[in-house]
Amino acid sequence: MDIRGFLRHELAGVSRPGRYLGIEVNARRKPMSDAGVNCVLVYPDAYEIGMSHLGLFILYEEINEREDAMADRAYLPWVDMQERMVARGIPLFGLESRAPLRDFDLVGITLQHELTYANVARALDLARVPLLATERDDACSLVVGGGPGACNPEPLAGLFDLLVIGEGEEVVHELLDAVKEWKAAGKRGRAAFLRACASIQGIYVPSLYRVRYRADGRLESIEPERGAPLPVRKRRVEDLDAWRYPRRPPVPLVESVHDRCSLEIFRGCTRGCRFCQAGMIYRPVRERGEELLKRWGRELVENTGCDELTLASLNSADYGRISSLVDDLAREMESRRVAVSLPSLRTDTFSVELASRLRRVKRTGLTLAPETASERLRRAVNKGVSDEDLLQAVSSAYREGWRKLKLYFMVGFPGEEEEDVEAICGLVRRIMREGNDGSPAKGLQISVSVSTFVPKPHTPLQWAGQMPLPEVARRHFILKEGLRMRGVTLRWHAREMSRLEGVLSRGDRRLLPVVLEAARHGCLDGWSEFFSWERWERALDAAGLEAAWYAERERDGDEVLPWDHIHAGVDKAFLWEEYERAKRGEETQDCRFGACAGCGACPEKTGRRGLGEEAG
Amino acid sequence: MARLMVKYEKCGDAAMLSHRECMRALERALRRSRLPIEFTAGFNPRPRMSFSPALPLGVAAEAEYLEVSVAGGVDEGEAVEALNRALPEGLRVREVRLLAPNMPKLSRWARYGLYRLEREEGGFHLLLKVSGEGQARLKDALEEAARRLGWVPALERVVRVGLYASPEEVFEDVRGEVYHYDVEKGELRVLEE
């Protein structure tokens, strides 16, 4: 049975068949060609998640704009669809072309999150592409990884022929040029081709690095072979305005997690929260021009018909000319009944007032992320807000008429005591009592959302240990007891999921068999209905590895880390200095307002273009 | 304020979109078309629109309807083109018409659905009530038809061809055998012209 026949017969029987049609408005549906480079971009999670991912659409746009290349898309089919595909011998296919993945020259996979790592293996398995890079011959698709997970891709390194470290806009073209040439010459000599790719800045070819381990399990060394670069330096684009942006993205047919169009207003963040990987690896801050953004916002809305336009970034209120951008866009969009929204807000009055100006079209909730309620921990993780900032922000939100508030907290920070967690309950109680300018905030509903700290590579806390599960459970219990009050609801991220993230985020190459074994027995770990920590524990046992060794162990300063050969933009020496300051409880100022902290992200440029005063 | 009737077909791959997904696609197309559509008041404004009764997933349709309120004049021909530029393949607007104020609302008249059941040696038509009292499910009607006639096609060969206010109107559009499924009597009988 061919793929089209399969779809004709089976689609009516699967859940949400709209996920597999590929007929979205704005889908390019560019034909594959013998002369050009045929690519398929894979987001290894369900369609509803993958269709909200901006990075994939940025590459989709860059590739499809070329005359000598095309890009299709694929997502991980839902479990019922996977079963039917396996039963009928149907391989994973590109949604638009309905061609098997293995017919493409290049299969590009986003590594966004550790909970999708089993999905990556499952997707390749469904595609019937040989799983290991070493098993692939010249005729096989090139399997390419990218995204934030590529900063430590080691647990999956064996699956990839190469990975792109950093931002893809520019380097994707260099890679496509190389593939095109290799294809024209008959795709002979895969190993030599990969060696040549390794000389492109930002491209990491795992097979060119040999990792040695010590008897105690720690790494001995990571050595490049045959002139491969050490370290592999990430790519970043200097001027965002010079690159295309997906202003005509495919519009999801099935309701997706973020059902809105997304306008990225700047990249990078210099606030310097020590647990935040995005805040480190996307440095320095680069803003897009205000006029360009207004035009693109208009185009996005006209091209998609979405009813919400979100101004995306790591901290949108930090955009230099945020006030006039927000006011002008909101005014224009109001007549179209399109809401403008900000995804992430700083915990201060300025941000709340900004959000209030956006409420004319659609009334949404307000989300603030104080992360912790302990002044000591805030200094340690460099989250520069105080209880008073938060209280003032809440007061101003209450005054502006907000009655629903979402607060994000994190537990499990290094050095965190139980009283630091109890402080969260105290703070929430205080908000309820004094949130209305010192008087009780009647009718206020607070939803407290709690995640668990996961040490991430390329952050100052990359050496820290993750809190053991029973201790996290005790913290959840403290919160559950302490937040039993009218108007407050508590939700926490499953601790075993955070545990798995903790194992994989700082993992090494020995974890590959574990991921493959876990993927044989399940996938879609980000979905609570499919996640099973026992499945992962069994896979770890079978490989003779311990979760605690990876997740809980504090690393020494001189330990070779599995990602030491990858330079994600900030220097290791800076990260170590920040780690020391964290232990001493010392803050580091945002370099846009204070002194340069010497992170190494911008040796040649300041990256301060377009920054105004009002963001302070 | 005027009402606009949009008649569209849902065929090919688009038959695999749920009613809700189909409504979303049409809403987005309306927003993109820049027609002077009216929105609901309140904190989450939506176009003032209503749809013909839901079509089971997997069933194609040749004549579905939506009504939307508009503020001013509309060029009907241009509206068809603007909407079709903004719709996914398989959803295609066939006609846009400004309704006279005295025309009944969609929900008042779109009560009966007529389905064509196809096969090479000639199929037949099946009529059932799709909204209001005595509403029947297509699945039940097909089961009954299979029992009584010994044959029904797979779902992908069932097409909703039209919506009607009363059974009699059906014969303005079709000839040949039309079976009427009456859910209350649980019976299938040939409809007399």
Side-chain angles (χ1 to χ4, degrees), chain A residues 4-5 7-27 29 47-48 95-96 98 248 250-256 259-261 298-309 333-339 359-365 401-404, chain B residues 10-49 55-60 68-71 82-92 138-139 142 153-158:
Chain A
R4 280 167 205 278
L7 290 173
R8 217 167 26 245
H9 284 101
E10 303 281 347
L11 271 187
V14 301
S15 58
R16 302 190 195 174
R19 300 186 274 205
Y20 312 110
L21 299 177
I23 55 168
E24 295 90 349
V25 165
N26 300 334
R29 305 176 83 178
Y47 177 91
E48 295 89 321
L95 283 189
E96 299 173 19
R98 297 185 178 174
R248 189 178 276 278
V251 184
L253 289 165
V254 170
E255 204 164 335
S256 62
D259 222 350
R260 53 202 175 210
C261 50
R298 203 176 301 131
E299 285 179 37
L300 264 169
V301 165
E302 282 173 2
N303 291 336
T304 62
C306 283
D307 60 4
E308 186 174 340
L309 172 70
M333 293 301 158
E334 194 179 356
S335 64
R336 302 171 191 247
R337 303 298 201 284
V338 171
R359 293 207 309 158
R360 283 192 294 252
V361 171
K362 194 174 178 181
R363 183 163 283 195
T364 50
W402 305 86
R403 290 297 177 267
K404 278 188 184 157
Chain B
K10 181 187 179 190
C11 57
D13 288 334
M16 291 296 161
L17 297 177
S18 70
H19 184 59
R20 191 182 154 80
E21 288 156 9
C22 200
M23 292 190 326
R24 276 162 31 90
L26 286 156
E27 177 183 336
R28 288 193 160 141
L30 282 168
R31 285 176 174 274
R32 287 184 65 188
S33 70
R34 306 303 310 271
L35 289 169
I37 46 177
E38 293 276 353
F39 288 84
T40 57
F43 291 121
N44 200 354
R46 310 232 69 86
R48 275 184 201 281
M49 55 183 184
L55 190 63
L57 193 145
V59 177
V68 59
S69 302
V70 288
L83 288 169
N84 279 333
R85 273 197 300 274
L87 280 170
E89 188 181 288
L91 283 179
R92 202 172 65 89
L138 176 64
K139 190 168 157 281
L142 289 175
L155 215 54
E156 66 252 28
R157 302 208 62 186
V158 177

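Chain letters run A, B, ... following the sequence lines, proteins first, then strands; residues in each count from 1.
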Please round to the nearest 0.5 Å and tell me the distance separating atom CZ of A/R16 and atom CG of B/L17.
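One gets 13.0 Å once the value is rounded to the nearest 0.5 Å.
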
Inter-residue atom distance B/S33.OG - A/E302.CD, 0.5 Å rounding
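B/S33 OG to A/E302 CD: 11.5 Å, rounded to 0.5 Å.
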
Would you say that A/R337 contacts B/R46 through its side chain, given a criterion of any heavy-atom pair below 4.5 Å between the two side chains?
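Counting from C-beta outward, A/R337 and B/R46 never come under 4.5 Å.
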
Checking heavy atoms, do the side chain of [X], its backbone, both or neither come under 4.5 Å from chain A?
| X | answer |
| --- | --- |
| B/E156 | side chain |
| B/R20 | side chain |
| B/L57 | side chain |
| B/L91 | neither |
| B/A86 | backbone |

[X] to [Y] - nearest heavy-atom pair and separation:
| X | Y | answer |
| --- | --- | --- |
| A/L21 | B/D13 | CD1-O, 3.4 Å |
| B/E21 | A/L253 | CG-O, 3.3 Å |
| B/R28 | A/T304 | CD-O, 3.7 Å |

What residue pairs, at least two apart or across chains, pass salt bridge (Lys or Arg N to Asp or Glu O under 4.0 Å) with a residue in residues 17-27 of chain A?
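Pairs touching residues 17-27 of chain A that pass the test: A/R19-A/E48, A/E24-A/R73.
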
Using the side chain to side chain contact (heavy atoms under 4.5 Å, CB included) criterion, which residues pair with A/V25? Sequence neighbours excluded.
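Result, side chain to side chain contact (heavy atoms under 4.5 Å, CB included) vs A/V25: A/V251, B/R32, B/P88.
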
Using heavy-atom distances under 4.5 Å, tell me whether A/R29 contacts chain B through its side chain, its backbone, both, or neither.
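Only the side chain of A/R29 comes within 4.5 Å of chain B.
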
CA sep, side-chain torsions, deciding dist, call: A/V254, B/R24, side-chain contact (heavy atoms from CB on, under 4.5 Å):
CA-CA 9 Å; A/V254 170; B/R24 276 162 31 90; over 6 Å; no

